[in-house]
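Positions are given from 1, in the same order as the sequence printed here. One-based numbering, in listed order, for ligands and for the atoms of each.
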Amino acid sequence: MSRVETFTASSPIDFTNPRPSPHSEPLGFSHRGSSLPWSTNVLVDNLSSSPTLRLTASPILGANIPFNDNIFPSLPPLLHGHPDVHLRNGVMNAYSLAATHDPDAERAFFVADLSQVYRQHLRWQACLPEIQPFYAVKCNPDPYVLRLLAALGTGFDCASNGEISQVLDLGVDPSRIVFANPCKAVSFVRNAGRVGVDLMTFDNADELYKIARAHPGAQLVVRILTDDTKSLCALGVKFGAPLVTVPGLLAKAKELNLNVVGVSFHVGSGCYDPSVYTDAIVRAGAAFDMGTEAGYQFSLLDVGGGFEDALFEQAATFLTAAIAAHFPDRRGIKIIAEPGRFYVSKAFSLAVNIIARRAPLTEAPSLAQDTSLDQPSVMYYINDGVYGAFNCIMFDHQTAHPYVLSMGGSFHVMDSEPVASSSVWGPTCDSIDCVCPSTPLPSALRVGDWLGFDNMGAYTLCAASQFNGFEVGKVIYTTGGFHASEVRSALARFAAQGHGL
Ligand SMILES: *Cc1c(COP(=O)(O)O)cnc(C)c1O
């Protein structure tokens, strides 16, 4: 059994207590309390009310599963158990590293729950059984995520040579890749031809000339412009041929002896009004007719990405109805999609350490009388920021919502804990590095405590920089709670075929 040690938690820096918050009512800050959805291990259950942290000597294991059953020797360990358990273990591990004066003891870290990716795939298959997902690699090219999706049989949307080789290196057949970048370097087009990636998108005439020169046997997909105004990240300003230009493009493709096989679109990433899929399908139907007029017989409809976790079922309903209405005869037509964030956003959580704390420059002298909580009374500095994983705030227009992971050496935070409006900042020396301008957090939070952020799987790690010398957090992988055995056997089968090792 795991060895259990206890030690007194202490913050590396001892702050004097500020005056207590005047706000006795909780403002609804988030925390996880001790309510693990399920727990297989007594170590976790007993942590709650204790002022000390119990240090586990090894990752928490499922009952009968041997520890050393890593499927891919080249990758970090694949652990068992609920992600919350690993968030807590990571925090406890940081405390023990601090005790040995590790230079990076309190480093931020991710926990990735692969069973969450698996469940999204089940959801996809249940709601859109006719549409084959081609995962958009750019969203999160995590090695375990790619292996799991490859094992589950999805295709991949790649945008560069780098993404193509990352996927091919896993043993994925090139026919399972769509090179879905309508504006490619000519050397990338040539390389795609060399490695057998034939399916690729275009939205302009120059691309046709390049492809005719560098990969004349390609199977082309015309990317059309659709309404992208209902999304977090509009893409239409950069990509997509307006319908009026499509006949001309198809005529040019014919002239160049190129094979156009279908139509694609993208409603914009992070689509918050899935009714736009209806209009997009109408336009795709029109583009199919243009294909027929140009002498092609289109056989591929690519409905792109944009699927939001919370709105997925709604989007699927709109899509299914629109496809039924505008593609009544689907014989001979293959339908694919390029979901990115849908698969990964909820699968990754991030734990960050509060490394510093200070008062704002202009502190309101009597916040007690100030009914508006918009003016933060505390500034917390954490060890990841907008130059790191929180680049999603800049590039992906996200809002970060912290919760308290550990406070004062305990994982248990009372609901009645007084809170104060706070701001949260990244570790770099740039003032643009603000993670939350204003959010309620317990006023008892100190340097050394930990915050957690959920939904950190999409467009986070992949675009993080090391600006100012701050490294991106490592990822701790788990096969999660429910569906852990399905995940493990899918990965094991994949590895047994010699893939991804
Ligand atoms: C980014 C991108 C995607 C993925 O979009 P999500 O909103 O993450 O689903 C799909 N296709 C293309 C061409 C993209 O550029």
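Counting the atoms of ligand 1 from 1 in the order shown, those under 4.0 Å from a heavy atom of A136 are 3 (C), 4 (C), 10 (C). Interface of G306 with ligand 1, defined as ligand atoms under 4.0 Å from a residue heavy atom, comprises 5 (O), 6 (P), 7 (O), 9 (O). Counting atoms of ligand 1 from 1 in the listed order, those under 4.0 Å from a heavy atom of P339 are 9 (O). Contact atoms of ligand 1 toward R223: 13 (C) (distance under 4.0 Å to a heavy atom of the residue). When each atom of ligand 1 is checked for a heavy atom of G270 under 4.0 Å away, the hits are 7 (O). Listed by number with element, the atoms of ligand 1 under 4.0 Å from a non-hydrogen atom of G305 are 9 (O). Listed by number with element, the atoms of ligand 1 under 4.0 Å from a non-hydrogen atom of D157 are 10 (C), 11 (N), 12 (C), 13 (C).
Among all protein heavy atoms, the one lying closest to atom 7 (O) of ligand 1 is S269 OG, 2.5 Å. The single protein non-hydrogen atom nearest to atom 11 (N) of ligand 1 is E338 OE1, 2.6 Å, given as residue, atom name and distance. Shortest contact from atom 2 (C) of ligand 1 to any protein heavy atom: K138 NZ, 2.3 Å. Of all protein heavy atoms, the one closest to atom 3 (C) of ligand 1 is H266 NE2, 3.2 Å.
Ring to ring, F318 and Y277 are not that close: their centroids are 6.0 angstrom or more apart.
A donor-acceptor pair shorter than 3.5 Å can be found between the side chains of H215 and D198. For the residue pair Y209 and K252, a side-chain donor N or O sits within less than 3.5 Å of a side-chain acceptor on the partner.
Here T201 has no heavy atoms under 4.0 Å from ligand 1, in either its backbone or its side chain.
Using a 4.0 Å cut-off between charged side-chain N and carboxylate O, R107 and E471 make a salt bridge. The existence of a salt bridge linking R123 and D309 is confirmed by a sub-4.0 Å separation between a basic side-chain nitrogen and an acidic carboxylate oxygen.
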Using salt bridge (charged side-chain N to carboxylate O under 4.0 Å, His left out), reason through D279 and R283 one step at a time and then give a plain yes or no.
CA-CA 6 Å; D279 177 65; R283 285 168 194 268; 2.8 Å; yes
Take F298 and F327 through the ring-ring contact (aromatic ring centres under 6.0 Å, His included) test and state the conclusion after the steps.
CA-CA 12 Å; F298 286 174; F327 290 83; over 10 Å; no
Could you walk me through whether D142 and Y477 satisfy the side-chain hydrogen bond (donor to acceptor under 3.5 Å, both in side chains) test, starting with their C-alpha distance in whole Å, then the side-chain angles of each, then the deciding distance to 0.1 Å, before giving a yes or no?
CA-CA 11 Å; D142 178 89; Y477 295 94; 2.4 Å; yes
Go through it in stages, so that I can follow the logic: the residues are Y387 and D430, the test is side-chain hydrogen bond (donor to acceptor under 3.5 Å, both in side chains), and I'd like the CA-CA distance, side-chain angles, deciding distance and then a yes or no.
CA-CA 9 Å; Y387 284 97; D430 189 346; 2.5 Å; yes
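Stacking of R147 on the aromatic ring of F72 is recorded, both the 6.0 Å distance cut-off and the 45° axial limit being met.
Within the 4.0 Å heavy-atom shell around ligand 1 one finds Y459. Ligand 1 lies within reach of A180, whose nearest heavy atom is under 4.0 Å from it. For E308, the heavy-atom gap to ligand 1 stays at 4.0 angstrom or more.
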